[in-house]
Amino acid sequence: MKLMEQKILREGQILPGDILKVGSFLNQNIDTDLLGEMGREIARLYDGAGVTKILTIEASGIAIAAAAGLSMGVPVLFAKKHRTSNVDGDVYVTKVHSFTHNEDYAVVVSRDYLLPSDRVLLVDDFLANGNALRGLIDLCNQADAELVGVAIAIEKCFSGAGDQMRAEGVRIDSLAQIESMTENGIVFRS
Ligand code: 5GP
């Protein structure tokens, strides 16, 4: 998505640890024109795919998932993060290693909201090492829900996780794909 690439080039900041800061338009201050475009683009990509639910993970996936859900006319479910792995109740739980905080946390959804009849589109802001996605896929598997695909705002292709998961048969669509990110600049996959 050209608009996203232009925004990254204009406003993205590369931080130590291969982190791209996009707080000016996505992760803190949200550019709602861009968000609307993202939602419409995800809806276009998954038109006719029979998605019944979008699943994301709090917090930064929620806005993108909501924009896509509005455009697609489907509900949005977000998995919650907990610091401890002792989570009680009628829930599905999985463990995810956080890229940005370098710690493990439990990720939880209520069994009431993720159903075997669901055809699920996963949405998140970034795909780096794939841990968040693998956690969400695990939740879908626990619920016997069907995974239709994955829509990501920004994929950091240099980590290799997205291509690895594609090779495993997961459909992944990324609105911007960063091939390399160095002090010399950002190069997108063409
Ligand atoms: P993964 O689990 O794929 O390693 O990382 C994905 C998660 O880590 C995303 O949900 C996102 O919140 C966070 N993340 C990974 N890389 C970046 C980055 O470069 N910038 C920001 N802002 N978040 C990132």
Side-chain angles (χ1 to χ4, degrees), residues 1-46 49 54-68 71 79 81 94-105 107 121-138 147-190:
M1 196 180 147
K2 276 282 162 235
L3 203 58
M4 174 72 83
E5 292 184 359
Q6 288 163 357
K7 201 78 175 166
I8 292 170
L9 289 178
R10 267 203 309 269
E11 298 182 27
Q13 289 172 271
I14 302 169
L15 302 185
D18 278 338
I19 291 185
L20 180 68
K21 191 173 173 202
V22 291
S24 70
F25 62 93
L26 197 61
N27 281 159
Q28 186 172 16
N29 188 56
I30 296 178
D31 179 331
T32 50
D33 286 339
L34 179 67
L35 189 71
E37 282 299 319
M38 292 166 67
R40 284 186 285 278
E41 177 63 4
I42 293 170
R44 188 187 66 74
L45 289 165
Y46 282 87
I54 293 175
L55 174 63
T56 188
I57 185 165
E58 67 177 1
S60 37
I62 297 175
I64 305 162
S71 286
K81 292 176 183 167
T94 194
K95 198 173 80 173
V96 167
H97 185 77
S98 166
F99 183 93
T100 38
H101 297 107
N102 196 22
E103 61 182 4
D104 289 347
Y105 50 87
V107 173
L121 172 65
L122 303 180
V123 170
D124 204 2
D125 58 344
F126 277 89
L127 169 52
N129 294 330
N131 293 313
L133 273 191
R134 289 194 187 278
L136 293 176
I137 291 171
D138 183 32
L147 177 67
V148 176
V150 178
I152 294 289
I154 304 170
E155 176 179 351
K156 299 196 289 190
C157 301
F158 52 85
S159 78
D163 289 334
Q164 171 65 39
M165 293 173 82
R166 288 184 183 96
E168 293 167 18
V170 180
R171 175 180 171 184
I172 302 179
D173 296 275
S174 301
L175 303 183
Q177 291 186 294
I178 297 178
E179 203 66 80
S180 71
M181 194 170 89
T182 64
E183 64 278 10
N184 298 323
I186 293 173
V187 176
F188 295 102
R189 185 175 281 186
S190 47

task: Mind listing the closest non-hydrogen atom pair of Phe158 and Ser180 along with its distance?
output: CD2-CA, 4.2 Å

message: Please determine whether side chain to side chain contact (heavy atoms under 4.5 Å, CB included) holds for the pair Ile42 and Ile64, giving the CA-CA distance in whole Å, both sets of side-chain angles, and the decisive distance to 0.1 Å.
response: CA-CA 9 Å; Ile42 293 170; Ile64 305 162; 4.1 Å; yes

- prompt: Residues two or more places apart in sequence or in another chain: which of them pass side chain to side chain contact (heavy atoms under 4.5 Å, CB included) with Leu147?
  reply: Leu122, Ile137, Val170

Set of residues satisfying side chain to side chain contact (heavy atoms under 4.5 Å, CB included) with respect to Ile186, sequence neighbours excluded: Ile8, Leu9, Ile14, Leu20, Ile178, Met181, Phe188

- prompt: For Val107, does its backbone N or O pair with a side-chain atom of Thr94 as donor and acceptor, under 3.5 Å?
  reply: no

For Ala66, all residues meeting side chain to side chain contact (heavy atoms under 4.5 Å, CB included), sequence neighbours excluded: none

- line: Between Val148 and Ala49, the two heavy atoms sitting closest are CG1-CB, 3.9 Å

field: Rounded distance [0.5 Å steps], CG in Leu127 versus CZ in Phe99
entry: 10.5 Å

message: Between Lys81 (side chain only) and Ile57 (backbone N and O only), is there a donor and an acceptor less than 3.5 Å apart?
response: no

task: Compare every heavy atom of Leu136 with every heavy atom of Ala79, then report the nearest pair and how far apart it is.
output: CB-CD2, 4.0 Å

field: Non-neighbouring partners of Ser159 that pass side chain to side chain donor-acceptor pair (under 3.5 Å), sequence neighbours left out
entry: none

message: The criterion is side chain to side chain donor-acceptor pair (under 3.5 Å); which residues satisfy it with Gln13, sequence neighbours excluded?
response: none

query: What pairs of residues pass the salt bridge (charged side-chain N to carboxylate O under 4.0 Å, His left out) test when at least one of them lies in residues 176-186, not counting sequence neighbours?
result: Glu179-Arg189

task: State which residues pass side chain to side chain donor-acceptor pair (under 3.5 Å) with Asn102; sequence neighbours excluded, sorted by chain then number.
output: His97

- prompt: Gln177 and side chain to side chain donor-acceptor pair (under 3.5 Å): which partner among Glu5, Lys156, Glu155?
  reply: Glu155

- prompt: Which atoms form the tightest heavy-atom contact between Leu34 and Asp31, and what is the distance?
  reply: N-OD1, 3.0 Å

Pairs flagged by side chain to side chain donor-acceptor pair (under 3.5 Å) wherever residues 16-25 is involved - sequence neighbours left out: Glu11-Ser24

Side chain to side chain donor-acceptor pair (under 3.5 Å) involving Asn129 - partner list, sequence neighbours excluded: none

query: Can you find a pair of side-chain heavy atoms, one from Leu45 and one from Leu175, that are under 4.5 Å apart?
result: yes

message: Looking at Glu168, I'd like to know if its CD atom is crowded, meaning that more than 12 non-hydrogen atoms belonging to other residues, nucleotides or ligands lie closer than 6.0 Å.
response: yes

message: Could you report the tightest heavy-atom contact between Gly130 and Ala161, atom names first, then the distance?
response: N-CB, 3.8 Å

task: Before giving the answer on side chain to side chain contact (heavy atoms under 4.5 Å, CB included), spell out for Asn27 and Phe126 the whole-Å C-alpha distance, their side-chain angles and the decisive distance to 0.1 Å.
output: CA-CA 10 Å; Asn27 281 159; Phe126 277 89; 3.8 Å; yes

message: Going by the rule side chain to side chain contact (heavy atoms under 4.5 Å, CB included), which residues pair with Glu37 if we only count those two or more places apart in sequence or in a different chain?
response: Met1, Leu3, Arg40

- request: List in chain and number order the residues that pass salt bridge (charged side-chain N to carboxylate O under 4.0 Å, His left out) with Arg10, two or more places apart in sequence or in another chain; answer none if no residue qualifies.
  value: none

message: I need the Leu133 CG to Asp138 CG distance, nearest 0.5 Å.
response: 12.5 Å

- prompt: Between Ala63 and Ile30, which heavy-atom pair has the shortest distance, and what is it?
  reply: CB-CD1, 3.7 Å

